[in-house]
Amino acid sequence: MPVSSKHYVLGNPMEGPWKEGLEVIIIANGCFWGSEKGMWRLPGGGIYSTAVGYAAGFTPNPTYEEACSGMTGSTEAVQVVYDPSKISVVDGMDPSPLDLIVP
């Protein structure tokens, strides 16, 4: 799948290798659009890049409709590339509704 070289909202690269000091977390909570948009709104300039997709599952490259059907074993996820010197992972979420956090 082609991936844009530059993030439309943040203006930074969409794929690594990432700048030294940046870290990556994948948050799979079942709604990537809301999660991604929420990350953009965090204060402090600590969010470098985000990308959405599907985590886990047994269907290769499921479509949105397939993933939402519950038949693929996938869940919506957002990859967040962040600067831990500017923001903590904990700053970006209320962990109570999350299904999975994979560092």
Side-chain angles (χ1 to χ4, degrees):
M1 168 189 299
V3 175
S4 175
S5 61
K6 188 175 175 182
H7 194 284
Y8 184 79
V9 174
L10 301 174
N12 293 322
M14 290 288 294
E15 296 182 283
W18 306 111
K19 291 184 192 179
E20 187 173 331
L22 296 178
E23 294 191 18
V24 178
I25 186 169
I26 297 173
I27 303 166
N29 65 341
C31 179
F32 50 54
W33 300 121
S35 300
E36 183 182 36
K37 190 174 181 181
M39 293 296 149
W40 301 338
R41 293 178 174 174
L42 292 171
I47 303 302
Y48 184 76
S49 189
T50 58
V52 300
Y54 303 104
F58 43 81
T59 301
N61 303 312
T63 65
Y64 181 78
E65 290 78 15
E66 289 171 334
C68 290
S69 76
M71 302 302 289
T72 66
S74 303
T75 189
E76 295 180 41
V78 60
Q79 173 184 277
V80 181
V81 182
Y82 68 101
D83 183 340
S85 71
K86 295 181 179 180
I87 193 165
S88 165
V89 172
V90 182
D91 294 334
M93 66 189 91
D94 170 3
S96 59
L98 295 180
D99 297 321
L100 174 67
I101 301 176
V102 182

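The shortest heavy-atom contact between T63 and E66 is N-OE1, 2.9 Å. In plain terms, the two heavy atoms of Y48 and P13 that are nearest each other are OH-CD, 3.1 Å. Listed here is the closest heavy atom pair of A67 and P62: N-CB, 4.4 Å. Heavy-atom minimum distance, P84 versus E23: CG-OE2, 3.6 Å. Across Y82 and I87, no two heavy atoms sit closer than the pair CD1-O, 3.8 Å. Across all their heavy atoms, S35 and V78 have their closest contact at CB-CG1, 3.8 Å.
L10 contributes atom CG, which lies 8.0 Å from atom CD of E36 (distance to the nearest 0.5 angstrom). Taking CD from E76 and OH from Y64, the interatomic distance works out to 5.0 Å, rounded to the nearest 0.5 Å.
In this view, E15 satisfies the side chain to side chain donor-acceptor pair (under 3.5 Å) rule with no residue, not counting sequence neighbours. Legend: residues meeting side chain to side chain donor-acceptor pair (under 3.5 Å) with W40, ordered by chain and number and at least two apart, are T50. With sequence neighbours left out, N12 forms a side chain to side chain donor-acceptor pair (under 3.5 Å) with no residue at all. With sequence neighbours excluded, the residues satisfying ring pair (Phe, Tyr, Trp, His ring centres under 6.0 Å) with Y54 are F32. By the side chain to side chain donor-acceptor pair (under 3.5 Å) test, S85 pairs with D83, sequence neighbours left out.
When side chains are defined from C-beta on, M39 counts as touching I27, because their heavy atoms get closer than 4.5 Å.
Annotation for Y8: atom OH does not count as buried by contact number, only 12 or fewer foreign heavy atoms lying within 6.0 Å.
M14 belongs to a hydrophobic cluster whose remaining members, ordered by chain and number, are V3; membership requires side-chain heavy atoms of ILVMFWY residues under 4.5 Å apart, directly or through intermediates.
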